[in-house]
A.B. asks: 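Sharing a structure, written as structure tokens. Questions coming.
Each chain gets a letter, A, B and so on, in the order its sequence line appears, and its residues count up from 1.
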There are 2 protein chains.
Amino acid sequence: MKLPVATEWALHCATSLAQLEVGTTASAADLAEYFGLPAAYLAKQLQALTRAGVLAATTGPRGGFRLGRAPADITLLQIVEAVDGTSAPYECREIRQQGRGALPDSWCRHECILAVKMADAHQAWRANLDAVTLADILDELPPTAPARTRKLLGRGPSQAH
Amino acid sequence: MKLPVATEWALHCATSLAQLEVGTTASAADLAEYFGLPAAYLAKQLQALTRAGVLAATTGPRGGFRLGRAPADITLLQIVEAVDGTSAPYECREIRQQGRGALPDSWCRHECILAVKMADAHQAWRANLDAVTLADILDELPPTAPARTRKLLGRGPSQAH
DNA sequence: GAGGTTCTACTCGGATAGTTAGTGTCCGAGTCGCCATGG
DNA sequence: CCATGGCGACTCGGACACTAACTATCCGAGTAGAACCTC
């Protein structure tokens, strides 16, 4: 059971984008340079986050990614499942109904107790991540962090003239 | 994040072995036929369970696997981590200290808050599985299940003469 | 008939190939901003 | 000087190779049991 490495990338990128002024964007290349990551592969993950509604993408010059919802409405679970998928790690293949010792159907009216317990644990994991929002994360950062992030990463909308 | 298919095998094999009389063993080939699984690969997983102390192995004729401890002292977590390893699914690679936006060391005195939250969720998952023992599972099975399992799978110690 | 010995067959255990999912990369479609041009 | 049209560059989006882990398999070391032989 191993989460993709990109999970960490997604969490940090979302946290950084949450620190920018509303209306401000950062391109995939900017974020890649900011964290020292492969740009193309990071872009792939940001696309997944966009499909999930966590981020919103704008094309063209001065375009890039920004948060798709308010930080208080984005949970860590949504970010993790956007890049890793929503399927449960334990998949019951009903081996109790296979082989020489296959149980009769009458014994399988209820779901396999082992699968239930594994699903319960997974739900506990999900609930734990779903209880933490990006707003909660921002509260834990040093007060000077947003200003620093904006300086190094932020890029405001067209402000010429 | 995906658990190996062998996780289900391990859980069901341990549950079945827990239903046998004490002193009774079942070989890897027996269990493989009982569940309709590839024998050699299943044996590899049973070896892992043996290394973890969940099972105990006996070689030679009439040998095989049996529970290494009392069912009440074996938790689902021990079985799962025996086959999947104990490493956490989320591995923090400290990308906050890499790239253009690398944070200074003074900001990294505490562990990354995101890594903490991910670790918390993993611990919740582990605690959930560690709270369920094989004895708990046996209590949930139909009363007639152990007799059936013993009949189809069990193979008592030498009873010749 | 009893004991010892040998032998066989069965067990686990680790080392060796094949296949799927994650990782990394590339190129193309679309869009916004800038610049030159004309009024 | 201002409005407009065209152009260019930058952006995301999806399609194509490469690597690591899980899956599957084989053969070898060790041991308990049984058969056999001897006394």
Side-chain angles (χ1 to χ4, degrees), chain A residues 1-10 13 17 23-33 36-52 55-66 68 80 82-85 87 89-91 93 95 155-161, chain B residues 1-10 13 17 23-33 36-52 55-66 68 80 83-85 87 89-91 93 155-161:
Chain A
M1 189 171 58
K2 195 185 64 166
L3 280 169
V5 179
T7 307
E8 183 182 3
W9 307 356
C13 285
L17 289 175
T24 306
T25 62
S27 71
D30 293 337
L31 288 164
E33 186 185 0
L37 302 174
Y41 190 35
L42 175 63
K44 189 181 180 66
Q45 309 305 327
L46 297 177
Q47 291 169 25
L49 288 167
T50 302
R51 276 193 294 270
L55 300 185
T58 311
T59 67
R62 297 260 173 193
F65 293 95
R66 66 180 189 278
V80 170
V83 301
D84 186 53
S87 58
Y90 181 84
E91 183 185 358
R93 300 194 181 180
I95 66 171
R155 184 182 52 177
S158 178
Q159 294 171 347
H161 303 285
Chain B
M1 189 171 59
K2 196 185 65 169
L3 281 169
V5 179
T7 307
E8 183 181 3
W9 307 355
C13 285
L17 290 175
T24 306
T25 62
S27 71
D30 293 336
L31 287 165
E33 186 186 2
L37 302 175
Y41 189 36
L42 175 63
K44 188 181 181 63
Q45 309 305 327
L46 297 177
Q47 291 169 25
L49 288 168
T50 302
R51 277 193 293 270
L55 300 185
T58 310
T59 66
R62 296 261 175 192
F65 293 94
R66 67 180 190 280
V80 171
V83 301
D84 186 54
S87 59
Y90 181 84
E91 182 185 358
R93 299 195 181 179
R155 185 181 53 179
S158 177
Q159 294 170 348
H161 302 285

A.B. asks: For the residue pair B:Arg93 and A:Glu8, what are the closest heavy atoms and their distance?
C.D. replies: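 Nearest heavy atoms, B:Arg93 then A:Glu8: N-OE1, 2.9 Å.
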
A.B. asks: When you get a sec, tell me which of C:dC12, C:dG33, C:dA9 is the closest nucleotide to the side chain of B:Phe65?
C.D. replies: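 From the listed options, C:dC12 comes nearest.
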
A.B. asks: Rounded to whole angstrom units, what separation is found between the CG atom of B:Leu49 and the P atom of C:dG14?
C.D. replies: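 So the two atoms are 13 Å apart, to the nearest Å.
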
A.B. asks: Minimum heavy-atom separation for A:Met1 and B:Pro4, please, with both atom names.
C.D. replies: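 For A:Met1 and B:Pro4, the tightest heavy-atom pair comes out as N-CD, 4.5 Å.
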
A.B. asks: Measuring to OP1 and OP2 of C:dT23, would you say a side-chain N or O of A:Tyr41 lies under 4.0 angstrom away?
C.D. replies: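 For C:dT23, OP1 or OP2 has a side-chain N or O of A:Tyr41 closer than 4.0 Å.
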
A.B. asks: Taking all atoms of both residues into account, what is the closest heavy-atom pair of B:Val83 and B:Ala10, and its distance?
C.D. replies: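 So the two residues come closest at CG1-CB, 3.8 Å.
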
A.B. asks: Kindly say if B:Arg51 contacts the phosphate of C:dG14, meaning a side-chain N or O under 4.0 Å from OP1 or OP2.
C.D. replies: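 Answer yes for this pair, as a side-chain N or O of B:Arg51 is under 4.0 Å from OP1 or OP2.
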
A.B. asks: Quick one: does A:Thr7's side chain get under 4.5 Å of B:Pro89's, heavy atoms only?
C.D. replies: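 Of all side-chain heavy-atom pairs linking B:Pro89 with A:Thr7, none is under 4.5 Å.
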
A.B. asks: Once you round to the nearest 0.5 Å, how far does CG of B:Leu55 lie from SG of B:Cys13?
C.D. replies: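 One gets 8.5 Å once the value is rounded to the nearest 0.5 Å.
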
A.B. asks: Quick one: is B:Arg66 getting a side-chain N or O under 4.0 Å of the C:dC12 phosphate, OP1 or OP2?
C.D. replies: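 False: B:Arg66 side-chain N/O out of range (4.0 Å or more) of C:dC12 OP1/OP2.
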
A.B. asks: How close do A:Ala32 and A:Pro38 get, heavy atom to heavy atom, and via which atoms?
C.D. replies: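 Minimum heavy-atom separation between A:Ala32 and A:Pro38: CB-C, 4.4 Å.
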
A.B. asks: Take atom CG of A:Leu46 and atom C1' of C:dT25, then tell me their distance rounded to the nearest Å.
C.D. replies: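 After rounding, the gap between these two atoms is 16 Å.
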
A.B. asks: Nearest to the side chain of B:Lys2, which nucleotide is it out of C:dA21, C:dG22, C:dG13?
C.D. replies: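 Looking only at heavy atoms from C-beta outward on B:Lys2, the closest nucleotide is C:dA21.
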
A.B. asks: Any sub-3.5 Å donor-acceptor pair from B:Asp84's side-chain atoms to B:Leu3's backbone N or O?
C.D. replies: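 Answer holds: no.
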
A.B. asks: Identify whether any heavy atom of A:Ala28 sits under 4.0 Å from a base atom; if not, whether one sits that close to sugar-phosphate; answer base, sugar-phosphate or nothing.
C.D. replies: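 Sugar-phosphate only.
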
A.B. asks: Can you give me the bend angle of the helix from C:dG1-D:dC39 to C:dG39-D:dC1? Use the axis through the first five pairs and the one through the last five, nearest 10 degrees.
C.D. replies: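 Rounded to the nearest 10 degrees, the bend comes out at 0°.
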
A.B. asks: Of the nucleotides C:dT23, D:dC12, D:dG33, which one has an atom closest to the side chain of B:Arg62?
C.D. replies: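 It is D:dG33.
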
A.B. asks: In whole Å, what is the span from the CG atom of A:Leu37 to the C1' atom of C:dT25?
C.D. replies: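 So the CG-C1' distance, A:Leu37 to C:dT25, works out to 15 Å.
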
A.B. asks: Any idea which heavy atoms bring B:Ala28 and B:Leu42 closest together, and the distance?
C.D. replies: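 Distance-wise, the nearest heavy atoms are O-CD2, 3.9 Å.
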
A.B. asks: Base, sugar-phosphate or nothing for A:Ala57? Non-hydrogen atoms, less than 4.0 Å.
C.D. replies: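 The answer is sugar-phosphate, as A:Ala57 gets under 4.0 Å only of primed atoms, P, OP1 or OP2.
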
A.B. asks: CD of A:Gln45 versus C1' of D:dC12: gap in Å, rounded?
C.D. replies: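 Going from A:Gln45 (CD) to D:dC12 (C1'), I get 15 Å.
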
A.B. asks: With nearest nucleotide decided by heavy atoms, which residue, B:Pro61 or B:Met1, maps closer to the 5′ end of DNA chain C?
C.D. replies: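 Closest to the 5' end, via its nearest nucleotide, is B:Pro61.
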
A.B. asks: I want to confirm an ordering. Mapping B:Pro38 and A:Lys44 to their closest nucleotides on DNA chain D, which one lands closer to the 5' end?
C.D. replies: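 Final value for this comparison: A:Lys44.
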
A.B. asks: Starting from C1' on C:dT23, measure out to CG on A:Leu3 and report it in whole angstrom.
C.D. replies: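 Atom-to-atom, A:Leu3 to C:dT23, this comes out as 15 Å.
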
A.B. asks: Starting at CD of A:Glu91 and ending at P of D:dT23, how long is that distance when rounded to a whole Å?
C.D. replies: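 Those two atoms, CD and P, are 11 Å apart.
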
A.B. asks: Separation of A:Leu42 atom CG from C:dG22 atom C1', in whole Å?
C.D. replies: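 My rounded result for the distance is 16 Å.
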
A.B. asks: Take atom CG of B:Asp30 and atom P of C:dC10, then tell me their distance rounded to the nearest Å.
C.D. replies: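 Nearest whole value for this atom pair: 12 Å.
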
A.B. asks: Tell me which nucleotide among D:dT31, C:dC26, D:dG33 gets nearest to the side chain of A:Ala40.
C.D. replies: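 The nucleotide sitting nearest to the side chain is C:dC26.
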
A.B. asks: Looking at D:dC12, C:dT11, C:dG33, which one has an atom nearest to any side-chain atom of B:Thr59?
C.D. replies: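 Among D:dC12, C:dT11, C:dG33, the one nearest the side chain of B:Thr59 is C:dT11.
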
